[in-house]
Enquirer: 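Below you will find the structure I want to go over with you.
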Amino acid sequence: MFQSQRMAQRSWGQDELHIQCIECGAKYPPDEVIYNCKKCGNILEVQYDLKEVSEKLKASDWKERPLSVWRYGELLPILDESKIVTLNEGGTSLYKCERLGAELGMKNLYVKNEGENPTGSFKDRGMTVGVTKALELKAKTVICASTGNTASSLAAYAAKAGLKCIVLIPAGKIALGKLAQSMMYGAKVIAVKGSFDDALSTVMEASAQLKVYLLNSINPFRLEGQKTAAFEICDQLGLNVPDKMILPVGNAGNISAYWKGFKEFRSLGIVSNLPNMIGIQAAGSPPIARAVKKKLKRIEPVKNPETVATAIRIGNPISWKKALNAIYESRGTAEIVSDEEIINAQKLLARKEGIFVEPASASSIAGLKKLAEAGQLDKNDVVVCVATGHGLKDPDIVVEVCEKPIEIEANLDSLNKVLGI
Ligand code: AN7
């Protein structure tokens, strides 16, 4: 009884939130299944009546709730909270990294460890909201294209919700752990002969023609879940914002979601500043970072993207416009890192801080190192790097780049010999 009363308070009326085009401002009701603006074709976002949100927050117990995606229910677009599909996502650690900070000359370095989420990546924040939305909209089947983590997460949440799940992955190009997750959660796994970008255009067509609900980050509800990581960081810093937020960028939804989160917290007066948003891309697929370096307002898609960081091997990011807005509006920047820099950063983070991340996540550390060495950061800056996915997602790369185990006979002499004692 108590639970349902509290939930009911957090639910939205139809007219208090809507979907809005980021370019022309056209508005659509929250129960319309729509991914692009019907007037100008641009991508969409969820908008709230923030005055209404402010009143709801004041009347609520949100500050007493545990750190999690649903702590911020008043800022999430769910109409029927009885349908929430959750595996306890969010509430991830914000580690203060003293040893890594000393190595890089930064005094206030933090890592937000999103690998702690139920399927091992930040995608779970989006899927708890996105799959709940799928139930609200009475979808029976959900679909996505993925470099791996989106698929793993959607497969898990669809299983929990009792929905059919179809995932399209680039054939032979996703990390083993991620493939294993999608297969085990029971998704229909379809390997597309082509890149992630090819797989995404295929699912976009499918969702326009078939009765399947699309849960790539073009779905504005999914990004609402992902913005809660920004709220958590503010909470974990004692209602302060970092000076710099550094994130890996692939399809560019996450950096956009963080920026929206920080801006909403500031509009509500919960925090008083905003961070500079810094996006990091791999040298083999840097469409957004390249545009930022040239101060362009559009991206030039990259054909045949290639990088060891398979999660962000994306040449034509769907949310590029939102990401460029986030970077320019926040007076942030972008950086390009090589595969070698990514692997070195992956080892550095593991060996200085005990945090094991997949290569895409390590790109944020590689980017930080590069910017720090170039003198683009102040040593006192409060910097938060997002570690987007767990290291066990991609065991193959570890076996390739780390020192191999040493095999010995089972006796002390053999051990002493290899230890040089
Ligand atoms: C670990 O799973 O796009 O810029 O299909 O898995 O929001 O795309 C993964 C992206 C960073 C980039 N780090 O985030 C997918 C997919 C990890 C990721 C990103 C991804 P976006």
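Counting starts at 1 for both ligands and their atoms, in listed order. When a residue number appears, it is its place in the shown sequence, counting from 1.
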Enquirer: Below 4.0 Å from any atom of ligand 1, is there a heavy atom belonging to Lys123?
Expert: yes
Enquirer: Can a non-hydrogen atom of Ile255 be found less than 4.0 Å from any atom of ligand 1?
Expert: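 Outside the 4.0 Å threshold, so no.
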Enquirer: May I ask you to identify the nearest protein heavy atom to atom 14 (O) of ligand 1, giving residue, atom name and distance to one decimal place in Å?
Expert: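 Here the nearest protein heavy atom works out to Phe122 CZ, 3.5 Å.
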Enquirer: Among Ile299, Asn251, Ile43, find the one that has a side chain to side chain contact (heavy atoms under 4.5 Å, CB included) with Trp320.
Expert: Ile299
Enquirer: Kindly check if the number of other-residue, nucleotide or ligand heavy atoms within 6.0 Å of CD (Glu329) is above 12?
Expert: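 Buried by this count: over 12 neighbours within 6.0 Å.
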Enquirer: Could you tell me whether ligand 1 has any atom less than 4.0 Å away from a heavy atom of Ser121?
Expert: no
Enquirer: Does the N or O separation between Ser361 and ligand 1 drop below 3.5 Å for any pair?
Expert: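 No, there is no polar N/O contact under 3.5 Å.
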Enquirer: Looking only at protein heavy atoms, which one is nearest to atom 2 (O) of ligand 1, and what is the separation?
Expert: Thr150 N, 2.8 Å
Enquirer: Which is it for Glu358 and ligand 1 at heavy atoms under 4.0 Å: side chain, backbone, both or neither?
Expert: side chain
Enquirer: What is the closest protein heavy atom to atom 5 (O) of ligand 1, and at what distance does it sit?
Expert: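 Ranked first by proximity to atom 5 (O) of ligand 1 is Thr147 N, 2.8 Å.
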Enquirer: For Gly148, state whether at least one heavy atom is located under 4.0 Å from any atom of ligand 1.
Expert: yes
Enquirer: For atom 7 (O) of ligand 1, what is the nearest protein heavy atom, given as residue, atom name and distance?
Expert: Asn254 N, 2.8 Å
Enquirer: Nearest to atom 18 (C) of ligand 1, what protein heavy atom do you find, and at what distance?
Expert: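 Of the protein heavy atoms, Ala311 CB, 3.5 Å lies nearest.
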Enquirer: Among all protein heavy atoms, pick the one closest to atom 19 (C) of ligand 1 and tell me residue, atom and distance.
Expert: Ile312 CG2, 3.6 Å
